[in-house]
K.L.:
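Questions regarding the structure given below will be posed in turn.
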2 protein chains.
Amino acid sequence: MIQLYKDTIMTINIQIDFRSDNPVTNQIVEQIQHLLVNGELKPGDQLPTVRALATELRINFNTVARAYRILDETGVISTQQGRGTYILEQPPPEKSHQLKKESLNVIARRYLDEASRLGFSNTEAAEQIQLLIANH
Amino acid sequence: MIQLYKDTIMTINIQIDFRSDNPVTNQIVEQIQHLLVNGELKPGDQLPTVRALATELRINFNTVARAYRILDETGVISTQQGRGTYILEQPPPEKSHQLKKESLNVIARRYLDEASRLGFSNTEAAEQIQLLIANH
DNA sequence: TGTATCTTTGTATAATTGTATCATTGTATC
DNA sequence: GATACAATGATACAATTATACAAAGATACA
């Protein structure tokens, strides 16, 4: 769970080379990753809004949004409509496969338990899972 | 000395996942419905004020107000300006059943989300459920 | 009691922020 | 040139937040 609130709005140091073969979107992605591994961006930090950064870089805000989305999909940041974009906590060290299996077992049991308390059979609970998967 | 306006401070157990595709407003609505069908909220109970819950969840109080309004419109709660928000009488059986189905949906999605965070695909998560059922 | 006043509570509306979709631009290939 | 594709921009939209407001409760004082 991430706890985020607007305390400080970040200004970040990004330089775009418009003559580069590297697309602007890529440059943004790479430079934010660079700021992150260098420790200049920390978990919980709020990035500039797509419009603010776009104005600063003199590009369209959709280009910034595209870069943010890529970073979001790789789990580096969290973009939240109406709220802003934030650096995520770094993923914890990899659990062993066995440990993950056990965790899955625990949460699966919990799901069936909760469904049971709501009055649903195991079969109905399983069907609901299938339904959700089918609708995605 | 200044006296407290209310001698009971209502707290409810709601967890917001800012990374979820599900909007925060929706998450609040669903989780309050879940608390209701689970019996953790009873008719007459006062919900936290929009500002109190918003502060706790680290969101804007208008987002809570929006969720409360949705629940109000579906007849689950009663919000009264200047007074607060209260759980209404238990919904009739057919509506209760509807709410329970929605609640099942909520916990099913939560299970898939958690499994995904552990690195399991939806299919693997579903198989784990089947495995548990088969071993009973 | 009654009333003035402040506090608490929800409401209304505009502003902010990211998203979705299509249009435009540039470039490579033929 | 023609066509296809990738990158970027423009526009409309959805979700959340900010600000100002209205209704009801609490308190003080006559």
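Note on naming: letters A, B, ... go to the chains in the order of the sequence lines (proteins, then strands), and numbering restarts at 1 for each one.
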K.L.:
Is the phosphate of D:dT16 approached by A:Arg83 (side-chain N or O, under 4.0 Å from OP1 or OP2)?
P.N.:
no
K.L.:
Please examine the side chains of A:Pro48 and A:Ile12, heavy atoms only from C-beta on, and report whether any two atoms are closer than 4.5 Å.
P.N.:
yes
K.L.:
Which residues in residues 50-69 of chain A have a heavy atom closer than 4.0 Å to any atom of DNA chain D?
P.N.:
A:Ile59, A:Asn60, A:Phe61, A:Asn62, A:Thr63, A:Arg66
K.L.:
Could you report the tightest heavy-atom contact between A:Ile70 and A:Thr25, atom names first, then the distance?
P.N.:
CD1-CG2, 4.0 Å
K.L.:
Rounded to the nearest 0.5 Å, how far apart are CD of B:Glu30 and CG of B:Leu35?
P.N.:
12.0 Å
K.L.:
In whole angstroms, how far is the P atom of C:dT17 from the CD1 atom of A:Ile77?
P.N.:
15 Å
K.L.:
In this structure, how many angstroms lie between the C1' atom of D:dA23 and the CD atom of B:Gln80, rounded?
P.N.:
11 Å
K.L.:
Apply side-chain contact (heavy atoms from CB on, under 4.5 Å) to the pair B:Leu53 and B:Tyr68, showing each step before the final yes or no.
P.N.:
CA-CA 11 Å; B:Leu53 184 54; B:Tyr68 280 5; 3.6 Å; yes
K.L.:
Got a sec, which pairs hit ring-ring contact (aromatic ring centres under 6.0 Å, His included) with one end in residues 108-135 of chain B, sequence neighbours left out?
P.N.:
A:Tyr111-B:Tyr111
K.L.:
In the structure I gave you, are the side-chain heavy atoms of B:Leu47 and B:Ile87 within less than 4.5 Å of one another anywhere?
P.N.:
yes
K.L.:
In whole Å, I'd like the distance from the CG atom of A:Leu47 to the P atom of C:dT17.
P.N.:
13 Å
K.L.:
Where each pair must be Watson-Crick or G-U wobble with both distances under 3.5 Å, what dot-bracket representation of DNA chain C is obtained, with crossing pairs in [ ] and other-strand partners as |?
P.N.:
||||||||||||||||||||||||||||||
K.L.:
Under 3.5 Å, is there an N or O donor on one side and an acceptor on the other linking the side chain of A:Gln81 and the base of D:dA14?
P.N.:
yes
K.L.:
Scan the side chains in residues 102-110 of chain A for donor-acceptor partners under 3.5 Å anywhere in the protein, sequence neighbours excluded, and list what turns up.
P.N.:
from     : atom 1 : to       : atom 2 : distance (Å)
A:Glu102 : OE2    : A:Gln98  : NE2    : 3.3
A:Ser103 : OG     : A:Lys95  : NZ     : 2.9
A:Ser103 : OG     : A:Leu99  : O      : 3.1
A:Asn105 : OD1    : B:Gln128 : NE2    : 2.8
A:Arg110 : NH2    : B:Glu114 : OE1    : 3.2

K.L.:
Does B:Thr79 make a side-chain N or O approach to OP1 or OP2 of C:dT11 shorter than 4.0 Å?
P.N.:
yes
K.L.:
With a 4.5 Å heavy-atom cut-off, do B:Leu71 and B:Gln33 have their side chains touching?
P.N.:
yes
K.L.:
Under the side chain to side chain donor-acceptor pair (under 3.5 Å) rule, what do A:Ser78 and A:Gln80 come out as? Steps first, then yes or no, please.
P.N.:
CA-CA 6 Å; A:Ser78 166; A:Gln80 302 157 28; 2.9 Å; yes
K.L.:
Only distances under 3.5 Å count here; give the side-chain donor-acceptor pairs of residues 14-21 of chain A to other protein atoms, sequence neighbours excluded, each with its distance to 0.1 Å.
P.N.:
from    : atom 1 : to      : atom 2 : distance (Å)
A:Gln15 : NE2    : A:Asn13 : OD1    : 3.2
A:Asp17 : OD1    : A:Arg19 : N      : 2.9
A:Ser20 : OG     : A:Asn22 : N      : 2.9

K.L.:
Would one find a side-chain N or O of A:Thr49 under 4.0 angstrom from OP1 or OP2 of C:dT16?
P.N.:
no
K.L.:
Measure the spacing between CG of B:Leu41 and CD1 of B:Ile32 and express it to the nearest 0.5 Å.
P.N.:
7.0 Å
K.L.:
Give me the residues of residues 13-29 of chain A where at least one heavy atom lies under 4.0 Å from an atom of DNA chain C, by number, or none.
P.N.:
none
